[in-house]
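In what follows, chains are A, B, ... by sequence order, proteins preceding strands, each numbered from 1.
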Protein chains: 2
Amino acid sequence: MEEGTLKSPSNCGDTGPEQDFDINNWDVREGCEVRQILDRVADKWSLLAIAHLERRTLRFSELRRLIDGISQRMLTVTLRQLERDGLVRRTVYPVVPPRVEYELTPMGATLHTTIRSLVDWTEGHQQEIARARAEYDSRQGEADAPVA
Amino acid sequence: MEEGTLKSPSNCGDTGPEQDFDINNWDVREGCEVRQILDRVADKWSLLAIAHLERRTLRFSELRRLIDGISQRMLTVTLRQLERDGLVRRTVYPVVPPRVEYELTPMGATLHTTIRSLVDWTEGHQQEIARARAEYDSRQGEADAPVA
DNA sequence: CGGTATCCGTTCTGATACTG
DNA sequence: CAGTATCAGAACGGATACCG
(Lines give C-alpha, C1' and ligand atoms only; values in the text may rest on other atoms or scores of the structure.)
Protein backbone atom coordinates (compact mmCIF):
# COMPACT_ATOMS: atom_id res chain seq x y z
CA MET A 1 0.00 0.00 0.00
CA GLU A 2 1.20 3.48 -0.77
CA GLU A 3 -1.90 5.61 -0.70
CA GLY A 4 -2.86 8.01 2.07
CA THR A 5 -3.35 5.43 4.74
CA LEU A 6 -2.75 7.77 7.60
CA LYS A 7 -2.97 5.76 10.76
CA SER A 8 -3.34 6.78 14.40
CA PRO A 9 -6.74 8.47 14.50
CA SER A 10 -5.81 10.67 17.44
CA ASN A 11 -9.24 11.30 18.78
CA CYS A 12 -9.52 14.98 19.63
CA GLY A 13 -11.63 16.12 22.52
CA ASP A 14 -15.10 17.05 21.46
CA THR A 15 -15.27 20.80 21.60
CA GLY A 16 -18.97 20.82 22.19
CA PRO A 17 -21.86 21.90 20.00
CA GLU A 18 -22.52 25.30 21.48
CA GLN A 19 -19.78 27.18 19.69
CA ASP A 20 -20.85 27.63 16.14
CA PHE A 21 -18.04 27.23 13.68
CA ASP A 22 -14.86 26.80 15.62
CA ILE A 23 -12.99 27.12 12.42
CA ASN A 24 -9.61 26.12 13.71
CA ASN A 25 -11.16 22.86 14.68
CA TRP A 26 -11.45 21.78 11.06
CA ASP A 27 -7.84 22.27 10.48
CA VAL A 28 -5.58 19.35 9.98
CA ARG A 29 -3.00 20.75 12.33
CA GLU A 30 -5.33 20.32 15.27
CA GLY A 31 -4.97 16.58 15.00
CA CYS A 32 -8.67 16.40 14.40
CA GLU A 33 -10.06 14.47 11.51
CA VAL A 34 -12.81 16.77 10.42
CA ARG A 35 -10.83 18.01 7.50
CA GLN A 36 -9.66 14.56 6.62
CA ILE A 37 -13.14 13.09 6.72
CA LEU A 38 -14.40 15.99 4.70
CA ASP A 39 -11.84 15.28 2.06
CA ARG A 40 -12.96 11.71 1.85
CA VAL A 41 -16.62 12.55 1.69
CA ALA A 42 -16.19 15.29 -0.84
CA ASP A 43 -13.80 13.26 -2.94
CA LYS A 44 -14.85 12.82 -6.53
CA TRP A 45 -14.77 9.04 -6.67
CA SER A 46 -16.04 8.55 -3.13
CA LEU A 47 -19.04 10.68 -3.88
CA LEU A 48 -19.89 8.76 -7.01
CA ALA A 49 -19.36 5.40 -5.37
CA ILE A 50 -21.57 6.32 -2.45
CA ALA A 51 -24.21 7.70 -4.76
CA HIS A 52 -24.39 4.45 -6.67
CA LEU A 53 -24.33 2.31 -3.56
CA GLU A 54 -27.20 4.34 -2.20
CA ARG A 55 -29.37 2.62 -4.76
CA ARG A 56 -28.30 -0.92 -4.10
CA THR A 57 -25.53 -3.34 -3.27
CA LEU A 58 -23.06 -3.61 -6.10
CA ARG A 59 -20.20 -5.79 -7.19
CA PHE A 60 -16.78 -4.44 -7.95
CA SER A 61 -17.17 -4.74 -11.68
CA GLU A 62 -20.63 -3.24 -11.58
CA LEU A 63 -19.30 -0.19 -9.83
CA ARG A 64 -16.50 -0.03 -12.30
CA ARG A 65 -18.93 0.02 -15.20
CA LEU A 66 -21.25 2.48 -13.53
CA ILE A 67 -18.59 5.00 -12.67
CA ASP A 68 -16.68 4.18 -15.79
CA GLY A 69 -14.31 7.12 -15.78
CA ILE A 70 -12.60 5.40 -12.90
CA SER A 71 -9.57 3.16 -13.15
CA GLN A 72 -9.45 -0.18 -11.43
CA ARG A 73 -6.81 1.17 -9.14
CA MET A 74 -8.78 4.18 -8.00
CA LEU A 75 -11.90 2.15 -7.50
CA THR A 76 -10.01 -0.22 -5.25
CA VAL A 77 -8.39 2.59 -3.33
CA THR A 78 -11.63 4.50 -2.94
CA LEU A 79 -13.57 1.47 -1.82
CA ARG A 80 -10.88 0.55 0.68
CA GLN A 81 -10.91 4.01 2.20
CA LEU A 82 -14.68 3.99 2.49
CA GLU A 83 -14.51 0.55 4.05
CA ARG A 84 -11.89 1.69 6.52
CA ASP A 85 -14.00 4.67 7.49
CA GLY A 86 -16.93 2.38 8.13
CA LEU A 87 -19.04 3.87 5.37
CA VAL A 88 -19.08 0.82 3.16
CA ARG A 89 -19.18 -2.88 3.93
CA ARG A 90 -17.23 -5.28 1.76
CA THR A 91 -18.42 -8.85 1.52
CA VAL A 92 -16.33 -11.53 -0.14
CA TYR A 93 -17.99 -14.68 -1.36
CA PRO A 94 -15.41 -17.46 -1.62
CA VAL A 95 -16.67 -18.85 -4.88
CA VAL A 96 -14.83 -19.92 -7.98
CA PRO A 97 -15.08 -16.67 -9.86
CA PRO A 98 -14.47 -14.36 -6.94
CA ARG A 99 -17.50 -12.36 -6.02
CA VAL A 100 -17.20 -9.26 -3.87
CA GLU A 101 -20.12 -7.07 -2.98
CA TYR A 102 -20.17 -3.57 -1.60
CA GLU A 103 -22.98 -1.92 0.29
CA LEU A 104 -23.42 1.18 2.41
CA THR A 105 -23.32 0.72 6.15
CA PRO A 106 -26.00 2.47 8.22
CA MET A 107 -23.57 5.30 8.82
CA GLY A 108 -22.81 5.46 5.12
CA ALA A 109 -26.50 5.75 4.44
CA THR A 110 -26.81 8.78 6.69
CA LEU A 111 -24.55 10.62 4.30
CA HIS A 112 -27.40 10.82 1.88
CA THR A 113 -28.96 13.94 3.31
CA THR A 114 -25.68 15.73 3.69
CA ILE A 115 -24.39 14.95 0.27
CA ARG A 116 -27.74 15.77 -1.17
CA SER A 117 -27.70 19.26 0.30
CA LEU A 118 -24.23 19.85 -1.07
CA VAL A 119 -25.20 18.68 -4.52
CA ASP A 120 -28.42 20.66 -4.33
CA TRP A 121 -26.58 23.83 -3.54
CA THR A 122 -24.15 23.20 -6.33
CA GLU A 123 -26.83 22.44 -8.88
CA GLY A 124 -28.88 25.36 -7.72
CA HIS A 125 -26.04 27.81 -8.16
CA GLN A 126 -24.41 26.26 -11.17
CA GLN A 127 -25.73 28.86 -13.55
CA GLU A 128 -24.89 31.75 -11.30
CA ILE A 129 -21.36 30.49 -10.87
CA ALA A 130 -20.97 29.93 -14.58
CA ARG A 131 -22.05 33.51 -15.15
CA ALA A 132 -19.64 34.82 -12.53
CA ARG A 133 -16.88 32.82 -14.09
CA ALA A 134 -17.57 34.05 -17.58
CA GLU A 135 -17.66 37.62 -16.36
CA TYR A 136 -14.44 37.25 -14.43
CA ASP A 137 -12.70 35.64 -17.36
CA SER A 138 -13.77 38.34 -19.76
CA ARG A 139 -12.54 41.00 -17.36
CA GLN A 140 -9.22 39.23 -17.38
CA GLY A 141 -9.33 38.80 -21.13
CA GLU A 142 -9.27 42.57 -21.56
CA ALA A 143 -5.91 42.99 -19.90
CA ASP A 144 -4.44 39.66 -20.83
CA ALA A 145 -4.12 38.28 -24.33
CA PRO A 146 -7.23 36.44 -25.49
CA VAL A 147 -6.22 32.87 -26.26
CA ALA A 148 -8.12 32.53 -29.52
CA MET B 1 -0.63 31.59 -13.85
CA GLU B 2 -0.31 27.85 -13.73
CA GLU B 3 -2.97 26.72 -11.33
CA GLY B 4 -6.19 25.03 -12.32
CA THR B 5 -7.66 27.93 -14.17
CA LEU B 6 -9.87 25.82 -16.36
CA LYS B 7 -11.72 28.18 -18.64
CA SER B 8 -14.75 27.65 -20.86
CA PRO B 9 -17.55 26.97 -18.38
CA SER B 10 -19.57 24.94 -20.89
CA ASN B 11 -22.93 25.41 -19.36
CA CYS B 12 -24.73 22.08 -19.42
CA GLY B 13 -28.46 21.87 -19.87
CA ASP B 14 -30.28 21.84 -16.60
CA THR B 15 -31.53 18.29 -16.18
CA GLY B 16 -34.40 19.34 -13.97
CA PRO B 17 -35.03 18.91 -10.28
CA GLU B 18 -37.42 15.97 -10.42
CA GLN B 19 -34.86 13.25 -10.91
CA ASP B 20 -33.25 12.59 -7.59
CA PHE B 21 -29.57 11.92 -7.88
CA ASP B 22 -28.70 11.71 -11.53
CA ILE B 23 -25.29 10.56 -10.58
CA ASN B 24 -23.71 10.80 -13.99
CA ASN B 25 -24.60 14.43 -13.88
CA TRP B 26 -21.96 15.12 -11.28
CA ASP B 27 -19.28 13.64 -13.31
CA VAL B 28 -16.65 15.75 -14.88
CA ARG B 29 -16.98 13.98 -18.20
CA GLU B 30 -20.44 15.36 -18.67
CA GLY B 31 -19.01 18.81 -19.14
CA CYS B 32 -21.02 19.89 -16.13
CA GLU B 33 -19.43 21.79 -13.33
CA VAL B 34 -21.07 20.18 -10.38
CA ARG B 35 -18.00 18.14 -9.57
CA GLN B 36 -15.74 21.08 -10.15
CA ILE B 37 -17.76 23.39 -7.96
CA LEU B 38 -17.90 20.74 -5.31
CA ASP B 39 -14.16 20.50 -5.33
CA ARG B 40 -13.88 24.20 -4.81
CA VAL B 41 -16.39 24.31 -2.03
CA ALA B 42 -14.99 21.32 -0.23
CA ASP B 43 -11.42 22.45 -0.67
CA LYS B 44 -9.48 22.79 2.53
CA TRP B 45 -8.39 26.38 2.13
CA SER B 46 -11.60 27.53 0.51
CA LEU B 47 -13.59 26.16 3.36
CA LEU B 48 -11.48 27.92 5.94
CA ALA B 49 -11.44 31.18 4.03
CA ILE B 50 -15.21 31.13 3.64
CA ALA B 51 -15.69 30.27 7.27
CA HIS B 52 -13.65 33.26 8.38
CA LEU B 53 -15.27 35.60 5.88
CA GLU B 54 -18.63 34.52 7.17
CA ARG B 55 -17.87 36.48 10.30
CA ARG B 56 -16.75 39.69 8.67
CA THR B 57 -14.89 41.37 5.87
CA LEU B 58 -11.19 40.74 6.09
CA ARG B 59 -7.99 42.02 4.62
CA PHE B 60 -5.50 39.77 2.88
CA SER B 61 -3.06 39.80 5.72
CA GLU B 62 -5.79 39.24 8.27
CA LEU B 63 -6.89 36.14 6.47
CA ARG B 64 -3.32 35.03 6.25
CA ARG B 65 -2.89 35.31 9.98
CA LEU B 66 -6.22 33.70 10.75
CA ILE B 67 -5.70 30.68 8.56
CA ASP B 68 -2.04 30.68 9.32
CA GLY B 69 -1.15 27.25 8.00
CA ILE B 70 -1.64 28.77 4.56
CA SER B 71 1.09 30.12 2.34
CA GLN B 72 0.76 33.46 0.66
CA ARG B 73 0.58 31.70 -2.64
CA MET B 74 -2.28 29.42 -1.70
CA LEU B 75 -4.22 32.22 -0.09
CA THR B 76 -3.95 34.24 -3.28
CA VAL B 77 -4.91 31.30 -5.44
CA THR B 78 -7.80 30.32 -3.21
CA LEU B 79 -9.15 33.84 -3.01
CA ARG B 80 -8.89 34.28 -6.76
CA GLN B 81 -10.84 31.10 -7.39
CA LEU B 82 -13.53 32.12 -4.95
CA GLU B 83 -13.68 35.51 -6.57
CA ARG B 84 -13.96 33.99 -10.01
CA ASP B 85 -16.78 31.76 -8.86
CA GLY B 86 -18.60 34.78 -7.52
CA LEU B 87 -18.45 33.63 -3.92
CA VAL B 88 -16.15 36.35 -2.71
CA ARG B 89 -15.85 40.01 -3.60
CA ARG B 90 -12.44 41.62 -3.72
CA THR B 91 -12.16 45.34 -3.14
CA VAL B 92 -8.96 47.23 -3.75
CA TYR B 93 -8.42 50.57 -2.07
CA PRO B 94 -5.86 52.58 -4.01
CA VAL B 95 -4.06 53.94 -1.01
CA VAL B 96 -0.39 54.22 -0.24
CA PRO B 97 -0.01 50.98 1.62
CA PRO B 98 -2.24 48.86 -0.61
CA ARG B 99 -5.40 47.76 1.10
CA VAL B 100 -7.46 44.89 -0.24
CA GLU B 101 -10.57 43.62 1.43
CA TYR B 102 -12.44 40.41 0.92
CA GLU B 103 -16.05 39.70 1.75
CA LEU B 104 -18.59 37.05 0.92
CA THR B 105 -21.06 37.80 -1.83
CA PRO B 106 -24.72 37.02 -1.18
CA MET B 107 -24.23 33.72 -2.98
CA GLY B 108 -21.17 33.01 -0.92
CA ALA B 109 -23.20 33.61 2.21
CA THR B 110 -25.73 30.99 1.19
CA LEU B 111 -23.00 28.40 1.47
CA HIS B 112 -23.23 28.69 5.21
CA THR B 113 -26.07 26.23 5.65
CA THR B 114 -24.61 23.71 3.27
CA ILE B 115 -21.16 23.78 4.70
CA ARG B 116 -22.57 23.68 8.14
CA SER B 117 -24.46 20.47 7.47
CA LEU B 118 -21.34 18.89 6.05
CA VAL B 119 -19.27 19.85 9.04
CA ASP B 120 -22.05 18.80 11.37
CA TRP B 121 -22.20 15.36 9.87
CA THR B 122 -18.45 15.05 10.05
CA GLU B 123 -18.27 16.18 13.64
CA GLY B 124 -21.18 13.99 14.57
CA HIS B 125 -19.62 10.88 13.13
CA GLN B 126 -16.03 11.63 13.96
CA GLN B 127 -15.90 9.18 16.81
CA GLU B 128 -17.65 6.44 14.92
CA ILE B 129 -15.29 6.82 12.00
CA ALA B 130 -12.29 6.81 14.27
CA ARG B 131 -13.53 3.58 15.80
CA ALA B 132 -14.13 2.02 12.39
CA ARG B 133 -10.68 3.09 11.35
CA ALA B 134 -9.02 1.65 14.42
CA GLU B 135 -10.85 -1.62 13.96
CA TYR B 136 -9.98 -1.84 10.30
CA ASP B 137 -6.37 -1.08 10.99
CA SER B 138 -6.10 -3.70 13.70
CA ARG B 139 -7.66 -6.25 11.39
CA GLN B 140 -5.00 -5.45 8.88
CA GLY B 141 -2.35 -5.52 11.56
CA GLU B 142 -3.03 -9.18 12.18
CA ALA B 143 -2.19 -10.28 8.68
CA ASP B 144 0.38 -7.65 7.95
CA ALA B 145 3.46 -6.96 10.00
CA PRO B 146 2.82 -4.62 12.92
CA VAL B 147 5.04 -1.60 12.41
CA ALA B 148 6.23 -1.36 16.00
C1' DC C 1 0.75 45.55 1.85
C1' DG C 2 -0.57 42.48 -1.45
C1' DG C 3 0.61 40.34 -4.69
C1' DT C 4 3.26 37.66 -9.03
C1' DA C 5 6.76 34.51 -10.99
C1' DT C 6 9.71 30.57 -10.45
C1' DC C 7 11.63 26.49 -8.69
C1' DC C 8 11.01 22.09 -6.90
C1' DG C 9 9.76 18.25 -3.88
C1' DT C 10 5.45 15.50 -2.67
C1' DT C 11 1.18 13.56 -3.81
C1' DC C 12 -2.18 11.86 -6.79
C1' DT C 13 -3.61 9.15 -10.57
C1' DG C 14 -3.87 6.52 -14.74
C1' DA C 15 -1.81 2.89 -17.53
C1' DT C 16 0.11 -1.48 -17.59
C1' DA C 17 1.31 -6.05 -16.17
C1' DC C 18 0.72 -9.91 -13.25
C1' DT C 19 -2.04 -13.14 -9.77
C1' DG C 20 -5.26 -16.19 -6.83
C1' DC D 1 -13.59 -11.56 -11.19
C1' DA D 2 -11.20 -8.77 -8.18
C1' DG D 3 -7.60 -7.38 -7.03
C1' DT D 4 -2.02 -6.07 -6.23
C1' DA D 5 2.45 -4.04 -7.76
C1' DT D 6 5.03 -0.87 -10.31
C1' DC D 7 6.02 3.10 -12.82
C1' DA D 8 5.67 7.55 -15.01
C1' DG D 9 3.29 11.87 -15.81
C1' DA D 10 0.38 15.49 -14.01
C1' DA D 11 -1.29 18.26 -10.45
C1' DC D 12 -0.68 20.24 -5.94
C1' DG D 13 1.51 23.00 -2.60
C1' DG D 14 5.38 25.27 -0.16
C1' DA D 15 9.57 28.25 -0.20
C1' DT D 16 11.75 31.94 -2.15
C1' DA D 17 12.59 36.17 -4.58
C1' DC D 18 11.13 40.21 -6.58
C1' DC D 19 7.55 44.16 -7.79
C1' DG D 20 3.82 48.08 -7.79
Side-chain angles (χ1 to χ4, degrees), chain A residues 1-6 27-29 35-36 39-40 42-49 53 57-84 88-103 140 143-145, chain B residues 1-6 27-29 35-36 39-40 42-49 53 57-84 88-103 140 143-145:
Chain A
M1 202 127 319
E2 24 133 5
E3 231 64 35
T5 316
L6 181 48
D27 200 325
V28 141
R29 289 164 306 130
R35 193 68 293 315
Q36 195 183 341
D39 277 338
R40 174 111 337 128
D43 173 71
K44 171 183 177 179
W45 301 128
S46 292
L47 214 58
L48 295 206
L53 289 173
T57 296
L58 289 166
R59 298 183 55 174
F60 185 87
S61 47
E62 287 177 319
L63 272 168
R64 177 130 88 128
R65 242 172 297 111
L66 282 166
I67 305 186
D68 142 292
I70 201 171
S71 65
Q72 187 175 37
R73 198 183 110 87
M74 287 317 291
L75 182 55
T76 301
V77 171
T78 301
L79 254 14
R80 282 289 184 289
Q81 289 176 335
L82 293 175
E83 189 197 358
R84 185 167 103 102
V88 159
R89 175 159 41 240
R90 176 172 175 267
T91 311
V92 182
Y93 298 93
V95 293
V96 185
R99 178 187 190 85
V100 181
E101 290 190 345
Y102 294 89
E103 62 185 318
Q140 298 304 305
D144 213 62
Chain B
M1 201 134 312
E2 26 135 3
E3 231 62 37
T5 315
L6 181 47
D27 199 326
V28 140
R29 290 164 305 131
R35 227 328 49 261
Q36 194 183 342
D39 277 339
R40 174 113 335 129
D43 173 71
K44 173 183 177 178
W45 301 129
S46 293
L47 215 56
L48 295 203
L53 289 174
T57 296
L58 290 167
R59 296 183 56 174
F60 185 87
S61 46
E62 287 177 319
L63 272 168
R64 176 130 88 129
R65 244 172 296 111
L66 282 166
I67 305 188
D68 142 293
I70 200 169
S71 64
Q72 187 175 37
R73 195 182 108 89
M74 285 319 290
L75 182 55
T76 302
V77 170
T78 300
L79 254 17
R80 282 290 185 286
Q81 288 176 337
L82 292 175
E83 189 197 357
R84 186 167 101 102
V88 160
R89 173 159 42 239
R90 176 172 175 268
T91 312
V92 183
Y93 298 93
V95 293
V96 184
R99 179 187 189 84
V100 181
E101 290 190 345
Y102 294 89
E103 63 185 317
Q140 298 304 305
D144 214 62

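Across all non-hydrogen atoms, the minimal contact from B/S46 to B/L82 is OG-CD2, 4.0 Å. The minimum heavy-atom distance between B/L53 and B/Y102, with the atom names listed, is CD2-O, 3.3 Å. Looking at every heavy atom in both residues, A/P98 comes nearest to A/R59 through O-NH2, 3.5 Å. A pairwise comparison of heavy atoms in B/T57 and B/E101 identifies CG2-OE1, 3.6 Å as the closest pair.
Taking atom CG of A/L79 as the reference point, atom P of D/dC1 lies 16 Å away to the nearest angstrom. Between the CD atom of B/Q81 and the P atom of D/dC12 there is a distance of 9 Å, given to the nearest Å. For the pair A/M74 CE and D/dC7 C1', the computed distance is 16 Å after rounding to whole Å. Note: OH (B/Y93) to C1' (C/dG3) measures 18 Å, nearest angstrom. Between B/L75 atom CG and C/dC1 atom C1' there is a gap of 13 Å when expressed in whole angstrom units. Atom-to-atom, CZ of A/R64 to C1' of C/dG14 comes out at 12 Å; the value is rounded to the nearest Å. Nucleotide C/dC12 holds its C1' atom 19 Å from the CZ atom of A/R80, rounded to whole Å. In this entry the distance linking CD1 of A/I67 with C1' of C/dT13 reads 15 Å, nearest Å.
Neither OP1 nor OP2 of D/dA2 sits under 4.0 Å from any side-chain N or O of A/R90. Phosphate contact (OP1/OP2 of C/dG2, side-chain N/O of B/R59, threshold under 4.0 Å): present. Taking only side-chain nitrogens and oxygens, A/S61 comes nearer than 4.0 Å to OP1 or OP2 of D/dA2. Residue B/Y102 places no side-chain N or O under 4.0 Å from the OP1 or OP2 atom of C/dC1.
Looking at heavy atoms from C-beta onward, A/F60 lies in side-chain contact with A/L79 at the 4.5 angstrom threshold.
When each of A/V96 and A/D43 is assigned the nucleotide of DNA chain C bearing its nearest heavy atom, the one mapping closer to the 5' terminus is A/D43.
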Restricting both atoms to N or O, compile the protein contacts to nucleotides 16-20 of chain D shorter than 3.5 Å, with distance only.
none

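In this structure, the salt bridge (charged side-chain N to carboxylate O under 4.0 Å, His left out) partners of B/R89, at least two apart in sequence or on a different chain, are B/E103.
Once rounded to the nearest 0.5 Å, the distance linking CD of B/Q72 with CG of B/L75 reads 8.0 Å.
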